[in-house]
2 protein chains.
Amino acid sequence: MSEANGPRPTLEAVAARAGVSRATVSRVVNGGAGVRGTVQEKVRRAVAELGYVPNSAARALVTRRTGAVAVVIAEPETRVFSDPFFGRQLRGISRELSAADTQLLLLFVAHRDDYDRIGRYLAAGHVDGALMFSLHRDDPLPAMAAGAGLPTVYGGRPGWPGAEREPRPLYVDTDNRDGARQAVRHLVERGRRRIAVITGPLDQTSALDRLHGYRDALAPAGPDPRLIADGAFTAHGGERAMARLLDAVPDLDAVFASSDLMANGALRTLRARGRRVPDDVAVVGYDDLEPAAWADPPLTTVRQDVEEMGRLMARLLLRRLGTQGAGGPALRPVITGAELVIRESSG
Amino acid sequence: MSEANGPRPTLEAVAARAGVSRATVSRVVNGGAGVRGTVQEKVRRAVAELGYVPNSAARALVTRRTGAVAVVIAEPETRVFSDPFFGRQLRGISRELSAADTQLLLLFVAHRDDYDRIGRYLAAGHVDGALMFSLHRDDPLPAMAAGAGLPTVYGGRPGWPGAEREPRPLYVDTDNRDGARQAVRHLVERGRRRIAVITGPLDQTSALDRLHGYRDALAPAGPDPRLIADGAFTAHGGERAMARLLDAVPDLDAVFASSDLMANGALRTLRARGRRVPDDVAVVGYDDLEPAAWADPPLTTVRQDVEEMGRLMARLLLRRLGTQGAGGPALRPVITGAELVIRESSG
DNA sequence: ACACGTCTTGAGAGCGCTCTCATATCGTGT
DNA sequence: ACACGATATGAGAGCGCTCTCAAGACGTGT
């Protein structure tokens with residue numbers, strides 16, 4: 001890097017130094033197709049000597065491509081950074097994107113007023129596309145993205161009104177219902193009778209689908225409504241939900257928590273109330289991330305390959321961006337499988 | 001938002017519709033200084049009708065400002081998303097930045113090859129400045145930022161060789177040494193004799209400073225080297241470090257962990273080995289984030305206002321960006337205080 | 001009535017790049 | 001030797017915006 005820290009060199013400067021035209025330098029910088037080897041060599045040297053780096057704004061202005069995509073998470077930072085689920089998924093996304101030399105911009109939306117800011121940002125063409133997570137039913141984000149014509153892939157099946165209209169939203173999801181069914185069936189098979197459920201916020205499809213899976217496994221009997229509590233997908237929420245469940249139905253003998261984090265919260269409450277796990281109460285979680293293996297006792301849980309889901313989302317978006325005008329093969333949502341992992345907490 | 005989803009309207013289009021010149025529209029869009037009220041009104045209406053949003057690339061090209069800053073964390077995603085420290089700090093940063101209508105881009109650097117990509121990104125002028133965290137001693141990032149002339153503020157005192165040369169790097173840090181000193185003194189006062197320490201990676205100044213604080217509190221005696229173990233700032237690392245310490249010095253009666261996460265890991269090991277806390281072994285953590293209050297028993301720890309540190313970093317950078325050429329008052333590093341919070345784990 | 005300063009507006013250059021199109025260069029077959 | 005297509009290079013327009021500068025509109029004091 002040449003340390004002549006003045007104004008940064010432009011294409012023009014490189015061209016002058018290499019004794020060629022701007023156009024030729026541009027060609028070399030972008031791969032060098034159709035430029036003689038000796039000339040390429042000369043240009044490359046000039047680039048190195050000057051420490052030339054293309055100005056991304058100028059490039060974006062003419063190509064109408066920024067080489068960046070936004071990852072939008074509709075949760076407060078503190079929640080995002082305490083749930084390993086996001087980290088894992090983000091890792092998958094980040095892997096896939098950097099392989100395609102695309103930048104990842106992380107945006108959080110928590111407050112009402114953030115929406116405006118983010119909406120403007122997305123519409124301003126800072127990014128070529130967006131990956132959106134953790135949307136709740138009435139989230140205005142999808143409409144904003146659609147309005148701005150921004151290609152978007154969702155994490156989890158979108159549940160907003162009108163999501164079934166064309167064009168169909170693109171998303172990656174796991175079979176939450178089946179996963180929950182497996183978890184609860186497992187508890188039934190172990191002889192548990194009063195199986196409670198701690199749900200996520202029911203305006204998210206993943207939470208709702210897991211609740212449906214729970215219902216499926218208990219059919220045709222149907223669950224006791226007192227055995228259902230909302231844990232908001234946080235450890236704290238799980239803790240409180242467990243307390244409410246125990247108050248309502250003291251003799252419950254199992255609980256299916258729709259996330260490992262909530263299961264951990266439940267475990268805390270059970271311990272505090274002197275219930276032994278799994279002897280008195282069996283516990284099953286969902287996700288199979290660190291908190292599951294770390295729990296005491298280690299959690300029986302439902303595994304989903306979160307990192308792979310992230311990769312799939314990124315790949316879907318990248319493909320979508322590639323086939324902008326060109327019709328290409330129609331892209332469709334992806335549903336991955338769920339698998340029960342049995343550990344000590346379910347007896 | 002007008003849903004005529006064709007090519008997005010330009011300034012030109014708005015000008016035509018409002019019956020004024022491009023320049024006037026530009027003025028209105030940027031605040032409207034020096035434009036008559038009635039004209040502003042007219043332009044605003046045209047903007048709304050057309051759903052005009054300024055093209056950020058074009059704007060950035062001429063202003064040489066992008067309105068975005070990068071937050072670079074030199075850790076793998078999985079670590080970042082399991083340590084609430086980052087989340088908290090990021091929240092502070094994000095608050096401060098959005099108040100100034102500046103976007104935050106989050107970038108992770110974990111692998112060797114990420115450095116190239118990020119370096120190019122930072123040099124390409126995608127952002128006006130950078131906030132960097134968790135740098136280790138030989139990190140090439142600062143040199144890259146300096147080479148690209150990118151204004152940068154560091155989280156934690158930089159420890160790379162040459163950091164004392166001009167121009168002095170800007171950073172925000174807490175008084176880690178003093179915090180650690182308070183923690184260990186507290187243990188001494190409680191009558192503990194064999195006080196172990198679990199450190200972070202010693203190529204980070206925060207980890208090193210805390211170790212120094214530990215030494216200070218034990219002076220002039222000086223610590224037994226077998227009482228020092230590295231826990232890498234992770235829960236798992238803390239767990240293993242505690243095991244090593246117990247193997248080496250079975251009768252230790254206290255441990256100062258340089259982060260709450262490591263303290264939690266230590267707690268796990270102690271429980272597994274049948275040591276009671278605080279009766280047999282007193283434990284003190286550092287950070288005072290969720291894991292501290294959540295621990296069993298709740299942790300005595302050293303509080304630092306992490307969110308405020310984030311805010312300060314952002315503010316420092318913003319101020320730095322504001323005073324680009326204009327000399328302004330010289331900006332200087334900020335050191336915040338640390339405060340001992342006593343809970344059950346220290347007896 | 002006039003000259004003057006102030007406020008408001010428009011014309012036009014130019015930010016650094018890509019890309020089309022025309023021109024220059026080359027190799028090949030006759 | 002020549003015409004021809006293929007290949008390599010350069011000239012120049014233009015992406016959408018900001019900003020300087022000049023010109024026009026308007027009010028004030030004499």
Side-chain angles (χ1 to χ4, degrees), chain A residues 6-44 46-47 50-68 120 123-126 128 148-149 324-325, chain B residues 6-44 46-47 50-68 120 123-126 128 148-149 324-325:
Chain A
R8 292 200 348 230
T10 69
L11 255 199
E12 193 74 51
V14 178
R17 176 146 196 147
V20 298
S21 75
R22 230 170 43 232
T24 298
V25 178
S26 174
R27 277 187 273 257
V28 173
V29 168
N30 291 293
V35 178
R36 237 181 333 172
T38 56
V39 177
Q40 284 203 34
E41 185 66 17
K42 219 167 33 176
V43 172
R44 292 243 156 72
V47 165
L50 260 34
Y52 170 75
V53 183
N55 176 317
S56 56
R59 179 178 277 176
L61 180 55
V62 26
T63 59
R64 281 127 198 300
R65 281 299 221 100
T66 64
R120 256 179 301 136
H126 282 105
D128 300 331
Q324 270 304 36
Chain B
R8 290 199 350 229
T10 69
L11 253 201
E12 193 74 51
V14 178
R17 177 146 195 147
V20 297
S21 75
R22 230 169 43 229
T24 299
V25 179
S26 174
R27 277 187 272 257
V28 173
V29 169
N30 291 292
V35 178
R36 237 182 332 170
T38 58
V39 177
Q40 284 201 35
E41 185 65 17
K42 218 166 37 173
V43 172
R44 290 244 157 72
V47 165
L50 261 35
Y52 170 77
V53 183
N55 177 317
S56 57
R59 179 178 276 174
L61 180 56
V62 26
T63 59
R64 284 128 196 301
R65 280 300 218 100
T66 63
R120 256 178 301 137
H126 282 105
D128 300 332
Q324 269 305 36

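Computed from a prediction, not measured in an experiment: that's the story for all the values here. Proteins come first, then strands; the chains are lettered A, B, ... in the order of their sequence lines, and each starts at number 1.
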Grab the CZ-C1' distance between Arg64(A) and dC19(C) for me, whole Å please. 13 Å

I want to check one thing: is the phosphate of dT18(D), taken as OP1 and OP2, less than 4.0 Å away from some side-chain N or O of Asn30(B)? yes

Identify, with sequence neighbours excluded, every residue that meets side chain to side chain donor-acceptor pair (under 3.5 Å) alongside Arg27(B). none

What heavy-atom pair brings Pro9(B) and Leu50(B) nearest, and what distance separates the two atoms? CG-O, 3.4 Å

Shortest non-hydrogen contact from Ala57(A) to Ala60(B)? CB-CB, 3.8 Å

Nearest-nucleotide comparison on DNA chain C, the residue closer to the 5′ end among Val62(B) and Gly19(B): Gly19(B)

By side chain to side chain donor-acceptor pair (under 3.5 Å), which residues pair with Glu41(B), not counting sequence neighbours? none

I need the CD-P distance between Glu12(B) and dT18(D), as an integer number of Å. 13 Å

Got a list of protein N/O to nucleotides 4-9 of chain C N/O distances below 3.5 Å?
from	atom 1	to	atom 2	distance (Å)
dT9(C)	OP1	Arg36(B)	NE	3.2
dT9(C)	OP1	Arg36(B)	NH2	2.9
dT9(C)	OP2	Arg36(B)	N	3.0

Test item: Thr24(B) and Lys42(B) side chains (from C-beta on) under 4.5 Å apart, heavy atoms: no

Atom CZ of Arg59(B) and atom P of dC17(D): how far apart are they, to the nearest Å? 8 Å

Output the rounded distance in Å from CG (Leu61(A)) to P (dC15(D)). 9 Å

Mind checking the NE2-CZ spacing from His126(A) to Arg120(A)? Nearest 0.5 Å is all I need. 11.0 Å

Value in whole Å for how far the P atom of dC19(C) lies from CZ of Arg65(A): 12 Å

Starting from C1' on dA11(C), measure out to CG on Leu11(B) and report it in whole angstrom. 15 Å

Tell me the interatomic distance from Arg22(A), atom CZ, to dG14(D), atom P, rounded to whole angstroms. 14 Å

